A.B. asks: 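My questions will all concern the structure given below.
Below, read A as the first sequence line, B as the second, and so on, with proteins coming before strands; counting in each chain starts at 1. Note that this is a predicted model, so its numbers are computed, not measured.
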Amino acid sequence: AQKVTQTQTSISVMEKTTVTMDCVYETQDSSYFLFWYKQTASGEIVFLIRQDSYKKENATVGHYSLNFQKPKSSIGLIITATQIEDSAVYFCAMRELTGNTGKLIFGLGTTLQVQP
Amino acid sequence: NAGVIQTPRHKVTGKGQEATLWCEPISGHSAVFWYRQTIVQGLEFLTYFRNQAPIDDSGMPKERFSAQMPNQSHSTLKIQSTQPQDSAVYLCASSLDMGGAGQNTLYFGAGTRLSVL
């Protein structure tokens, strides 16, 4: 069964620094997709970045990048030059390809507080 | 593009009453998902439609929950005989046709906060 675990409940950093949020996953599939989403204080959930399991190169979008370590079943999110507005809850998620259900399984989230 | 629209934003029901939640997916998106969010359980998958057909309802509590997608522009989640433990934020999301790709991004609505008294 697929499972996504985020061990960090909350993180506090100073503005303009770099932060890494951890995520480990469990799957029996050889092909899968990993996602990071952000939930703002208003409750809005927004897609940030995706990593395809068959790609060795780490995905990068703006000031978000991923640290994909497939042997460790780990997909860390790195935010560089953090801004106050990056304060939010960050969710890691996984979708398996087998079965084609489309179901996305989420971790419990990591709350990021960016301090001025 | 208005995004995924969910109504109502807030709903308060008494124990034992029925609650119907509505979702309008993004036009052109053929995959619709329902999730439930609570502090304890986080984001729980409930059910998924593709081209209006139910594909996976493995997350749905069997007895009181049902979901339908009568046309491509809306889906409903119905909870009969609501219980206090049903209190949560119910989120609808849509995406382009999943097909065999699996990587299509989910776009979430703002959610319906259900409070069962």
A.B. asks: Can you confirm whether B/Ile39 is buried at CD1, in the sense that more than 12 heavy atoms of other residues, nucleotides or ligands lie under 6.0 Å from that atom?
C.D. replies: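 It does not: B/Ile39 CD1 has 12 such atoms or fewer within range.
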A.B. asks: Check whether B/Leu91 gets within reach of chain A through its side chain, its backbone, both or neither, counting any heavy atom under 4.5 Å.
C.D. replies: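 Just its side chain gets close to chain A.
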A.B. asks: Can you tell which part of B/Ser58 gets under 4.5 Å to a heavy atom of chain A, answering side chain, backbone, both or neither?
C.D. replies: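 Interface part for B/Ser58: side chain.
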A.B. asks: With a cut-off of 6.0 Å (strictly less than), are more than 12 heavy atoms of other residues, nucleotides or ligands near CZ of B/Arg113?
C.D. replies: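 Count not over threshold, so no.
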A.B. asks: Checking A/Glu15 now: which residues fulfil salt bridge (Lys or Arg N to Asp or Glu O under 4.0 Å) with it, not counting sequence neighbours?
C.D. replies: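 Here no residue qualifies.
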A.B. asks: Connecting only ILVMFWY residues whose side-chain heavy atoms lie within less than 4.5 Å of each other, what is the rest of A/Ile49's hydrophobic cluster?
C.D. replies: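 In the cluster with A/Ile49 are A/Val4, A/Ile11, A/Val13, A/Val19, A/Met21, A/Tyr25, A/Tyr32, A/Leu34, A/Trp36, A/Leu48, A/Val61, A/Tyr64, A/Leu66, A/Phe68, A/Ile75, A/Leu77, A/Ile79, A/Ile84, A/Tyr90, A/Met94, A/Ile105, A/Leu112, A/Val114.
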A.B. asks: Name the region of B/Val89, side chain, backbone, both or neither, that has any atom closer than 4.5 Å to a heavy atom of chain A.
C.D. replies: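 Nothing of B/Val89, per the 4.5 Å heavy-atom cut-off to chain A.
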A.B. asks: With a 4.5 Å heavy-atom cut-off, do A/Leu104 and B/Tyr35 have their side chains touching?
C.D. replies: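 Yes, at least one pair of side-chain atoms sits under 4.5 Å.
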A.B. asks: So what's closer than 4.5 Å to chain A heavy atoms on B/Gln41: side chain, backbone, both or neither?
C.D. replies: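 For B/Gln41, the contact with chain A is made by the backbone alone.
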A.B. asks: Between atom CZ of A/Phe106 and atom CG of B/Leu106, what is the distance when rounded to the nearest 0.5 Å?
C.D. replies: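 It comes to 6.5 Å.
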A.B. asks: Take atom NZ of A/Lys70 as the centre, draw a 6.0 Å sphere, and report whether it contains more than 12 heavy atoms from other residues, nucleotides or ligands.
C.D. replies: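 It does: A/Lys70 NZ has more than 12 such atoms within range.
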A.B. asks: Taking side chain as C-beta onward, heavy atoms only, is B/Leu43 less than 4.5 Å from A/Phe91?
C.D. replies: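 In contact.
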A.B. asks: Report the C-alpha distance between A/Lys103 and B/Thr47 in whole Å, list the side-chain angles of each, state the deciding distance to 0.1 Å, and finish with yes or no for side chain to side chain contact (heavy atoms under 4.5 Å, CB included).
C.D. replies: CA-CA 8 Å; A/Lys103 180 168 60 179; B/Thr47 189; over 6 Å; no
A.B. asks: Count the heavy atoms belonging to other residues, nucleotides or ligands that lie under 6.0 Å from CD of B/Glu63, then report whether that count exceeds 12.
C.D. replies: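 12 or below, so no.
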A.B. asks: Is it true that A/Tyr37 and B/Phe108 have ring centroids separated by less than 6.0 Å?
C.D. replies: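 For A/Tyr37 and B/Phe108, the ring centres are under 6.0 Å apart.
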A.B. asks: For A/Gln8, is the CD atom crowded, meaning more than 12 foreign heavy atoms sit under 6.0 Å from it?
C.D. replies: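 Yes, because the 6.0 Å sphere around CD of A/Gln8 holds more than 12 heavy atoms from other groups.
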